[in-house]
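Okay, structure first, notes after.
Side chains are part of it too, since the values below use all heavy atoms of this structure and drop only hydrogens, waters and symmetry mates. By convention here, the first residue in the shown sequence is residue 1.
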Amino acid sequence: MARIQKNNLMKQPIVVSLKCGASGAEALMYMKSSEGDPNKVLIANSLIYMLPLSAKIPFNWRELTPASVVALDQFVLWDNSSGPKTVKEFIAAAKAASSPFKMGGTGSKREDNVLTVSWSRRSARNSPICRTSPAARRQRSWSATTESNVNNPSENLEVWRAGQVRTLCVFDKERISYTTKVTETQSWHDIPTCKEEGLDVQYLMLRAMFLPGKVTAEQQPFYVDLFQKVTQTPEYMDYMEKQALKPIFLTGKDMLQFFEEDDALNTSLMNQAGFIAK
């Protein structure tokens with residue numbers, strides 16, 4: 001948001017308010033209660049699909065006004081540097097584990113939890129998979145107490161550079177696009193897709209902008225234009241590469257179709273994992 005001011009894309013000042021209470025439910029309900037207010041913007045991720053299902057809160061993203069999809073976040077299967085060197089070896093180790101095969105994660109019933117359940121059911125099948133607590137995942141994801149995790153690229157960047165973890169594959173149909181070396185020997189683009197390695201599982205995390213519901217037909221285009229200008233700034237492009245985010249910009253009918261398909265996918269995965277509240 002600071003780049004909006006720096007590049008003079010908007011005269012009005014912008015205040016960032018973090019409403020992370022109740023695992024994000026506070027922010028969703030705050031936006032829902034702000035109908036018709038064009039001065040509020042929600043920076044959303046896949047939580048908008050998952051949290052209403054797992055926590056049974058009265059929220060649906062269709063009650064808001066979508067403005068644009070500005071990026072997607074890929075997930076990487078990370079392993080301890082002392083562990084298996086390939087996806088095939090990793091899956092074999094999971095199947096052969098006599099005790100729960102421990103994986104780190106950012107939170108219960110969220111993107112990485114769903115993805116972990118998805119890949120383990122397709123490949124490890126009957127092997128026990130145990131996820132560590134969210135508070136422990138950064139400290140332990142590269143230690144002997146946790147075999148692996150499925151974090152976003154940026155979440156494990158520094159421990160990758162330090163040689164404490166290795167990348168096994170990325171859960172996308174194509175490789176990460178950035179070719180600049182991140183470690184001494186590897187770029188993000190050097191990581192194979194999981195499908196290339198025999199694990200055909202794909203999942204992308206949403207990064208999108210929403211306005212409250214019932215804003216006017218004149219107010220929505222203002223923000224669509226604003227966010228498009230933001231994505232064209234050098235600072236934004238630099239941020240995208242440093243965080244290894246997948247470039248995309250969708251508005252209008254293409255955006256709405258994307259949301260519907262992404263919602264259906266996340267709902268299906270949540271149902272398969274048994275994470276939908278009764």
Closest non-hydrogen contact found for Val69 with Phe259 is CG2-CZ, 3.8 Å

Residue set satisfying side-chain hydrogen bond (donor to acceptor under 3.5 Å, both in side chains) with Glu197, at least two apart, ordered chain then number -> none

Query raised in the report: Is the closest basic N to carboxylate O distance between Arg62 and Asp263 below 4.0 Å?
Result: yes

- Message: Looking at Asn39, is its backbone amide N or carbonyl O close enough to the side chain of Asp37 to form a donor-acceptor pair, meaning the two atoms are under 3.5 Å apart?
- Response: yes

Discussion item. Taking the ring centre of each residue, are Phe171 and Phe75 less than 6.0 Å apart?
Written reply: no

Residues passing the side-chain contact (heavy atoms from CB on, under 4.5 Å) test with Gln257, sequence neighbours excluded, are Glu261

Residue pairs meeting side chain to side chain donor-acceptor pair (under 3.5 Å), one or both in residues 8-26, sequence neighbours left out, come to none

Minimal heavy-atom distance between Val70 and Tyr236, with the atoms involved, is O-OH, 2.8 Å

Hey, mind stepping through Met270 and Val114 against side chain to side chain contact (heavy atoms under 4.5 Å, CB included) and telling me if it holds? CA-CA 7 Å; Met270 290 285 285; Val114 168; 3.5 Å; yes

By side-chain contact (heavy atoms from CB on, under 4.5 Å), Gln272 pairs with (sequence neighbours left out) Arg121, Ser268, Leu269

* Polar contact flag, side-chain donor to acceptor under 3.5 angstrom, Asn266-Tyr203 -> yes

Residues at least two apart in sequence or cross-chain that pass side-chain contact (heavy atoms from CB on, under 4.5 Å) with Thr179, listed by chain then number, are His189

Contacts of Glu158 meeting salt bridge (charged side-chain N to carboxylate O under 4.0 Å, His left out) (sequence neighbours excluded), chain-then-number -> Arg161

*May I ask you to decide if the ring planes of Trp160 and Trp78 are parallel, tilted or perpendicular, using 30° and 60° as cut-offs?*
perpendicular

Between Leu47 and Leu28 the two heavy atoms that sit nearest each other are O-CD1, 4.4 Å

Apply side-chain hydrogen bond (donor to acceptor under 3.5 Å, both in side chains) to the pair Asn156 and Asn149, showing each step before the final yes or no.
CA-CA 9 Å; Asn156 269 11; Asn149 62 53; 3.2 Å; yes

Below 3.5 Å, can you tabulate the donor-acceptor pairs from side chains in residues 220-228 to any protein atom, sequence neighbours excluded?
| from | atom 1 | to | atom 2 | distance (Å) |
| --- | --- | --- | --- | --- |
| Gln220 | NE2 | Pro66 | O | 2.7 |
| Tyr223 | OH | Pro38 | O | 2.3 |
| Asp225 | OD2 | Lys229 | NZ | 3.1 |

Output for pair (Glu241 CD, Ser177 OG), nearest 0.5 Å, gives 8.0 Å

Here the gap from Leu168 atom CG to Thr86 atom OG1, rounded to the nearest 0.5 Å, amounts to 7.5 Å

In this structure, CG of Asn60 is separated from CD1 of Ile48 (nearest 0.5 Å) by 9.0 Å

Residues at least two apart in sequence or cross-chain that pass salt bridge (charged side-chain N to carboxylate O under 4.0 Å, His left out) with Lys195, listed by chain then number, are none

Is the number of heavy atoms from other residues, nucleotides or ligands under 6.0 Å of Lys181 NZ greater than 12?
-> yes

Residues at least two apart in sequence or cross-chain that pass side-chain contact (heavy atoms from CB on, under 4.5 Å) with Asn271, listed by chain then number, are Ile276

Inset, instruction - Check the pair Gln186, Thr183 against side-chain hydrogen bond (donor to acceptor under 3.5 Å, both in side chains), reporting the backbone distance first and the verdict last. - result: CA-CA 5 Å; Gln186 281 188 297; Thr183 69; 4.7 Å; no

Interatomic distance, CG@Asp254 vs CG@Leu256, rounded to 0.5 Å, equals 9.0 Å

For Ala25 and Leu51 the tightest heavy-atom approach is N-CD2, 3.3 Å

Practice problem: Report yes if some heavy atom in the side chain of Pro153 is under 4.5 Å from a heavy atom in the side chain of Asp73; otherwise report no. | Solution: yes

Side chain to side chain donor-acceptor pair (under 3.5 Å) pairs touching residues 242-252, sequence neighbours excluded, are Ser154-Gln243, Asp172-Lys246, Glu174-Lys246, Asp238-Lys242

Sorted by chain and number, sequence neighbours left out, salt bridge (charged side-chain N to carboxylate O under 4.0 Å, His left out) with Asp200 holds for none

What one should report as the nearest heavy-atom pair of Pro58 and Glu63 is O-OE1, 4.2 Å

In this structure, CG of Asp190 is separated from OH of Tyr178 (nearest 0.5 Å) by 15.0 Å

Residues 45-54 vs side chain to side chain donor-acceptor pair (under 3.5 Å), sequence neighbours excluded, gives Tyr49-Asp262

dist Gln74:CD -> Arg175:CZ (nearest 0.5 Å) comes out at 12.0 Å

For side chain to side chain contact (heavy atoms under 4.5 Å, CB included), just list the numbers for Asn152 and Val76, CA-CA rounded to whole Å, side-chain angles, deciding distance to a tenth of an Å, and then say yes or no.
CA-CA 6 Å; Asn152 300 134; Val76 173; over 6 Å; no

